[in-house]
Amino acid sequence: MAGETPLWAEPTVPLRPRTLGVALILLVAGFAAGYLAGRSYGAAAPGQGALVERREGGFRFVNPLLECDLADDLLRNRELIPFKEQLADHLAARLAGSPDSAVSVYFRELNDGIWFGLGDTDRFAPASLRKLPMLIAVLKAAEQPGGGALLDRQVPFELARDYNLDQNVRPSQAMVPGRRYAVRELLERMIILSDNNAFTLLGRVVDPAELDRVYALLRMQRPGAAGDDGFLSVQTYASFFRILYNATYLGKGASDWALSLLARSEFRAGLVAGVPPEVAVAHKFGEKSDQATGRVQLHDCGIVYFPNNPYLLCIMSRGPDFQALDEVIVEVSRLVYQEVARQGPRPASP
C-alpha cells in the first residue's frame, strides 16, 4: 500500500477462482455512525437529512471510514427497501416441520448503514468463529512497536493430539509433524483452511491480554471464561467484520490482508453458494456437534462484495443435521442477494 510499510506478504495458500494503534475515537465514531444510520429504513423526517458515511476507497476489501455527513434527498433515496418480513416468512415456512431448529440472521449494508435482524440476540456456540478474533489479536500484536517480526516467527508443529479430528469440515491439507511454520502461515491455515491445529498453536503465540482486549472491544465473553459456551449472537459477531471493513482497530493494510484471507476460505457452501461465482465473499464459518443432544450448529458470517454496495450477512443456526442447516443458510444468502440485486444498482458511497 502506498505510504505504508507492508507487514503483509501475499498468502502462501493459493487464491481459488472464487475463491489500540488506531485512535479509539475512530472506532467509537464508526459504531455510532452505523447505529444512527441504521435506526430506520425509510427517509428522514422533514427537514432532517440522512447520515452518509464518507470513505477513503483505494483498497480491495476494506473501505476506511473518514467522516459522516448529512445527505440530500438524492443520496437518501438510494437506500434499500427493507425485506425483513419477506425473509422472516421464508424462514418460518422452511422451519415449520423442524421445531428443534433455530436460525438467526443479521444484515447490514456496509456503505449506507441500514440493517435488520431476525433473532439477532439469540445465543449460539462460537466454535470455529473464534478464529477471527484470534486473527485480529495476532495482527494487532504485529502492529505494536517491536512486533514487526512476529509474523515471521517460526513455530514448531508439536501437539499431543490432532484437533482437526473434532471437525465435521476438515482442512484439505494436513500439517506436517515436526515442521516449523511461520506465524503468517499459521494465520493463513487457520482462516483459509479453518485448521484447528493452527489455531491451537497460535494460542501459544498471542499474548492472552491482547486476545482479551479484542473480546472486550465488543463486550463479548471470551470462550472458556464460563462453562456454557452458548453466548454468541449474530449481531455481536458481525461487529468483527465491521471493524475490519472500516479499518477502525487494525491498520488499513492489516485489515485488508485479514479480509483477503477470509475471502480465500475453502468453505464454499453457506454464504458463498448463495451468490454468483464472480462475487467475492470474505467470511468465516463455524460448526459444532453436541453428542449429548444429537443437535448440531452451523454458522456462516461475512461480507458479500455486491458491486458498489457490499453488505454484511451473518447467519447462525442449530438443528438435527449439518446438511439441512447448510441448505437453509444457502437459501437465506441467495434470497438476500437476489433482493439486493432486484432493487437495482445504487451509486457508490461518496
Side-chain angles (χ1 to χ4, degrees), residues 1-23 26-27 29-31 33-34 53-67 108-111 131-144 147-148 150-152 182-193 202 210 214 217 237-266 271-272 278-284 301-314 348-350:
M1 308 293 175
E4 183 173 353
T5 303
L7 292 174
W8 331 109
E10 286 298 316
T12 57
V13 179
L15 174 63
R16 309 216 168 191
R18 222 179 74 146
T19 46
L20 264 168
V22 176
L26 288 178
L27 177 63
F31 284 155
E53 297 173 349
R54 303 190 186 280
R55 297 175 176 274
E56 180 176 348
F59 293 86
R60 183 179 180 189
F61 292 102
V62 303
N63 202 358
L65 182 65
L66 295 178
E67 62 175 343
R108 176 181 288 268
E109 191 177 47
L110 286 168
N111 290 344
K131 292 167 183 169
L132 180 51
M134 176 68 79
L135 171 67
I136 294 172
V138 174
L139 294 185
K140 189 65 176 178
E143 289 184 332
Q144 303 304 314
L150 176 60
L151 298 183
D152 295 320
V183 168
R184 188 192 315 273
E185 294 179 86
L186 293 176
L187 291 174
E188 293 168 357
R189 294 191 61 90
M190 178 181 69
I191 298 299
I192 300 173
L193 309 181
L202 286 167
E210 189 64 62
V214 173
L217 186 67
Y237 193 74
S239 295
F240 284 122
F241 285 93
R242 294 174 60 199
I243 286 171
L244 291 176
Y245 185 76
N246 293 327
T248 47
Y249 186 65
L250 297 175
K252 300 166 190 174
S255 297
D256 199 66
W257 189 71
L259 286 169
S260 77
L261 296 185
L262 291 157
R264 290 165 166 83
S265 172
E266 275 197 330
L271 296 185
V272 176
E278 67 274 12
V279 175
V281 182
H283 68 120
K284 187 69 194 79
C301 297
I303 298 172
V304 177
Y305 287 87
F306 187 92
N308 290 332
N309 291 88
Y311 60 84
L312 199 165
L313 183 61
C314 190
S349 184

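Note: hydrogens, waters and symmetry copies are ignored here, and every other heavy atom, side chains too, is used.
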Problem - SG on Cys301 to CZ on Phe240, rounded to 0.5 Å - result: 11.0 Å
Handout entry: Nearest heavy-atom neighbours spanning Glu143 and Ala254
Key = OE2-CB, 3.4 Å
Practice task
For the pair Arg264 (side chain) and Ser260 (backbone), establish whether a donor and an acceptor sit closer than 3.5 Å, ignoring hydrogens and angles.
Solution key: yes
Handout entry: Val214 side chain near Pro133 side chain, heavy-atom distance below 4.5 Å
Key = yes
Handout entry: N/O donor-acceptor pair under 3.5 Å between Asn246 side chain and Arg242 backbone
Key = yes
Exercise for the section: Would you mind reporting whether Val183 and Asp152 have side-chain heavy atoms less than 4.5 Å apart? Expected result: no
Practice task
Answer yes or no: is there a donor N or O on one side and an acceptor on the other, between the side chain of Asn111 and the main chain of Asn309, under 3.5 Å?
Solution key: no
Practice task
Kindly say whether Leu261 contributes a backbone atom to a donor-acceptor pair with the side chain of Glu188 at under 3.5 angstrom?
Solution key: no
Completion exercise
CE (Met134) and CD1 (Ile191) are apart, to the nearest 0.5 Å, by 10.0 Å
Problem - Contacts of type side chain to side chain donor-acceptor pair (under 3.5 Å), residue Lys131, not counting sequence neighbours - result: Ser128, Ser194, Asn196
Practice task
Give the minimum heavy-atom separation between Ser255 and Ala247, together with the two atoms involved.
Solution key: OG-CA, 3.7 Å
Handout entry: Set of residues satisfying side-chain contact (heavy atoms from CB on, under 4.5 Å) with respect to Ala258, sequence neighbours excluded
Key = Leu135, Leu139, Leu244
Problem - From CG (Leu150) to CD (Gln144), nearest 0.5 Å - result: 10.5 Å
Exercise for the section: With the side chain counted from C-beta on, respond yes when Leu250 and Ile136 share a heavy-atom pair under 4.5 Å apart, and no when they do not. Expected result: yes
Fill in the blank from the handout: CZ (Phe306) and CG (Leu313) are apart, to the nearest 0.5 Å, by 13.5 Å
Problem - Nearest heavy-atom neighbours spanning Phe241 and Leu312 - result: CB-CD1, 3.7 Å
Handout entry: Point-to-point distance, once rounded to the nearest 0.5 Å, from CG of Leu110 to CZ of Arg108
Key = 8.0 Å
Practice task
Can you measure from NZ (Lys140) to OH (Tyr249) and round to the nearest 0.5 angstrom?
Solution key: 5.0 Å
Problem - CA sep, side-chain torsions, deciding dist, call: His283, Leu262, side-chain contact (heavy atoms from CB on, under 4.5 Å) - result: CA-CA 5 Å; His283 68 120; Leu262 291 157; 5.9 Å; no
Handout entry: Parallel, tilted or perpendicular, as decided by the 30° and 60° cut-offs, for the rings of Tyr305 and Tyr245
Key = tilted
Handout entry: Heavy-atom closest contact (Trp257 atom, Leu187 atom, distance)
Key = CZ3-CD1, 4.1 Å
